[in-house]
Amino acid sequence: MRTSQYIIATLKETPSDAEVISHQLMLRAGMIRRLASGLYTWLPTGLKVVRKVEQIVREEMDKAGALEMLMPVVQPADLWEESGRWQEYGPELLRIKDRHNRDFALGPTHEEVVTEFVRKEINSYKQLPLSLYQIQTKFRDEVRPRFGVMRSREFVMKDAYSFHLSQESLQQTYDKMYQAYCNIFERLGLDFRPVIADTGSIGGDASHEFHVLAESGEDDIAFSTESSFAANIEKAEALAPKDTADAATQELTLTDTPNAKTINDLVEQFSVNIEKTVKTLIVKASDDVDAEYIALVVRGDHELNEIKAEKLDEVASPLEMASEEAIRDVMGASAGSLGPINCPIPVIVDRAAAVASDFSAGANVDGKHYFGINWSRDLELPTVADIRNVVEGDPSPCGEGTITIKRGIEVGHIFQLGTKYSKAMNAGVLTETGKHQVLEMGCYGIGITRIVAAAIEQNHDKFGIKWPNALAPFQVAIVPMNMHKSHRIPDIANAIYDKLVAKGIEVLFDDRKERPGVMFNDMELMGIPHQIVIGERNLDNNQVEYKSRTTGDKELLDVDDAVDFVLNQIKNA
RNA sequence: CGGUGUUUAGCGCAGCUUGGUAGCGCACUUCGUUUGGGUCGAAGGGGUCGCAGGUUCGAAUCCUGCAACACCGACCA
């Protein structure tokens, strides 16, 4: 490709609304442009990268035995009524009406459609197991689209679905997919980790997320320092402390604390150790409980884990924090002065808070806290549960080492769905014995467009993107200097270009009448891994210069060796 | 959905307090100059100042309403 025939569309300045580096670089490198909130146009350079990702995913899915198909983006509401998700899914599901006033949705995912397909077409156990996938545009009406294509409303996703007679068969395919995902991210050249995950609203049993590690990630991942254990912080268990509470050394005292509204205030004003404080959060109770609200108690330095909390039988799901008015109504005090003593509603205390001694907490009277509280002595120890986020240094749930926490970008997610959709939509086959049996299902997603952004988060420097070879929109950039003033330069540049193209290499030949600095900067911004610089100075010695974008290394090559050298660089990368 | 803020050329911004010919940098076009890391000079094109209404002789500027967008929070495969 010659730049004169192409859209370079690079930007010198960073658009003001791009916060994360991948968003900035994708705009500056001329990969994407924003059309509206959460909607992006892919320019030729960006699309080339998307296609690279798609192709690798496609090859590995095919290898894993999945069959590619393509389902509609627009889906009839009836199917969603059948699965129950027309009600459940909420405003993220964009609903539309056709000219006959019939309800449809823009597909955020395709469990319903694929299940409908399978229940019609697959009738016998002999046709199982079956894995189907597609690579397609999805739409989710995100509350808050941000970070460019990292969290956009419209995005390209690979979604796969598998169907089985038994849980064992599902497990086998799940394992195969797990391996296929590892292969994919390996081939993409990304630093990634599979992590144990919550199944979220899709529902089901086993689940892993695949995360690309990056500072800008939106998820916290808990790793063990000693083993390969990794889990989304939502799911990482905070083990019960081995020790029991220390013996009480302080008297219970009620103290005026008019200016202590937060744990930090309390710690600063009364110089107490933050680990000797607890905070009390009020949430809606579930219908199982004979109370409208439940108090959750965690140590002052810990954070409530909402996923864990809403899984408790006593707590309403989805989790709902009590409003300020409700708190005042129920507790008789405002949020800054709550505590477990004299608490009028049921209390659930976190494992760590349950072994605190001589600790302080609100008194459920405005402007008053208790100090020197001890469980058993001053109040009965309530129900204990794991309701907090793990923190650095906690013992790892796998039993080996301690926890470290890193940020990750979720680029893939695999689930064992079980029979959630097949049962609701009555998808089954006849077994060997002629009995009708509901299918076990698995579902496997990869965010294609999100991977493009994640790859940039992981591979960039101050000059721009540094594409891993597998993702680069072009393998080689030819940068001829002052070509219009020379006969030699265009001759050599064209010859090298033709030879590389004949070898099937994607080459970007910068034939613009630009200054060298402009060309260098654009090629580096776009992250093209291999650069050949052709100028009069080196041609006097019959040489051209090679430069690697990844390492920055430069090397002088004989003109005749240049093509083979570059081919080797590409092959060995 | 709440809080805050923004909206003036393709992009980044000034002008608004105190109403009076719409500006700057980058980008774009043409010419010249320069040529191994975003050169320099000259000339040029490009705007219903987010939309609607109001006040006024006169509104980018003041008032009212609306919209879009962004950030923080809540939410979320």
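Within every chain, numbering begins at 1; the chains are lettered A, B, ... in the order of the sequence lines, protein sequences first and strands thereafter.
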**Item:** Candidates G25(B), A77(B), C71(B) - which lies nearest the side chain of Glu19(A)
**Value:** C71(B)
**Message:** By the 4.0 Å heavy-atom rule, please label Glu410(A) as base, sugar-phosphate, or nothing.
**Reply:** base
**Asked** Do NZ/NE/NH1/NH2 and the carboxylate oxygens of Arg488(A) and Glu536(A) come within less than 4.0 Å?
**Response** yes
**Prompt:** Tell me: NZ of Lys158(A) to C1' of A77(B), nearest whole Å?
**Reply:** 13 Å
**Request:** Answer with base, sugar-phosphate or nothing: what part of the nucleic acid does Glu92(A) contact at a heavy-atom distance below 4.0 Å?
**Result:** sugar-phosphate
**Item:** Test: Arg95(A) and Asp141(A) ion pair at under 4.0 Å
**Value:** no
**Pair Glu234(A)-Asn305(A), side-chain donor/acceptor within less than 3.5 Å** = no
**Item:** Separation of atom NE2 in His413(A) from atom P in C76(B), rounded to whole Å
**Value:** 14 Å
**Item:** 5′-ward residue of the pair Glu234(A)/Ser37(A) relative to RNA chain B
**Value:** Ser37(A)
**Asked** For atom P, what is the distance between G73(B) and C51(B), given to the nearest Å?
**Response** 32 Å
**A22(B) versus C69(B) - spacing of their P atoms, nearest Å** = 31 Å
**Asked** Among all residues two or more places apart in sequence or in another chain, which pass the salt bridge (Lys or Arg N to Asp or Glu O under 4.0 Å) test with Asp558(A)?
**Response** none
**Prompt:** Which value, in whole Å, describes the distance between the P atoms of nucleotides A68(B) and A27(B)?
**Reply:** 34 Å
**Request:** Please determine if Arg58(A) and Glu68(A) form a salt bridge, counting it only when a charged side-chain N lies under 4.0 Å from a carboxylate O.
**Result:** yes
**Prompt:** Is a salt bridge present between Lys513(A) and Asp511(A), judged by a nitrogen-to-oxygen distance below 4.0 Å?
**Reply:** no
**Request:** Please confirm whether any donor atom in the side chain of Arg146(A) sits under 3.5 Å from an acceptor in the base of A70(B), or the reverse.
**Result:** no
Just the table, please: protein N/O against nucleotides 33-42 of chain B N/O, every pair under 3.5 Å.
unit_1: U34(B); atom_1: O2; unit_2: Arg515(A); atom_2: NH1; d: 2.5
unit_1: U35(B); atom_1: O2'; unit_2: Asn482(A); atom_2: ND2; d: 2.4
unit_1: U35(B); atom_1: O2; unit_2: Asn482(A); atom_2: OD1; d: 2.6
unit_1: U35(B); atom_1: N3; unit_2: Asn482(A); atom_2: OD1; d: 3.0
unit_1: U35(B); atom_1: O4; unit_2: Lys485(A); atom_2: NZ; d: 3.2
unit_1: G36(B); atom_1: O2'; unit_2: Arg537(A); atom_2: NH1; d: 3.3
unit_1: G36(B); atom_1: O6; unit_2: Asn538(A); atom_2: ND2; d: 2.8
unit_1: G36(B); atom_1: N1; unit_2: Asn538(A); atom_2: ND2; d: 3.3
unit_1: G36(B); atom_1: N2; unit_2: Glu545(A); atom_2: OE1; d: 2.6
unit_1: G36(B); atom_1: N2; unit_2: Glu545(A); atom_2: OE2; d: 3.0
unit_1: G37(B); atom_1: O6; unit_2: Lys547(A); atom_2: NZ; d: 2.8
unit_1: G37(B); atom_1: N1; unit_2: Glu524(A); atom_2: OE1; d: 3.2
unit_1: G37(B); atom_1: N1; unit_2: Glu524(A); atom_2: OE2; d: 2.9
unit_1: G37(B); atom_1: N2; unit_2: Asn521(A); atom_2: OD1; d: 3.3
unit_1: G37(B); atom_1: N2; unit_2: Glu524(A); atom_2: OE1; d: 2.5
unit_1: G38(B); atom_1: N9; unit_2: Asn521(A); atom_2: ND2; d: 3.4
unit_1: G38(B); atom_1: N7; unit_2: Asn521(A); atom_2: ND2; d: 3.0
unit_1: G38(B); atom_1: N1; unit_2: Asp522(A); atom_2: OD1; d: 3.4

**Message:** Here's a test of your reading of the structure: between Val411(A) and Arg34(A), which maps to the more 5' nucleotide of RNA chain B?
**Reply:** Arg34(A)
**Message:** Between C76(B) and Arg151(A), counting only base atoms on the nucleotide and side-chain atoms on the residue, is there a donor-acceptor pair under 3.5 Å?
**Reply:** yes
**Asked** Can you check the Tyr89(A) OH to C75(B) P distance for me, whole Å?
**Response** 17 Å
**Request:** Give the nucleotide from the list G25(B), A77(B), C76(B) with an atom nearest to the side chain of Phe415(A).
**Result:** A77(B)
**Message:** Taking only the C1' atom of each, what is the distance from U4(B) to C76(B) in whole angstrom?
**Reply:** 23 Å
**Message:** For Phe210(A), give me all partners under ring pair (Phe, Tyr, Trp, His ring centres under 6.0 Å), at least two apart in sequence or on another chain.
**Reply:** Tyr178(A), Tyr181(A), Phe185(A)
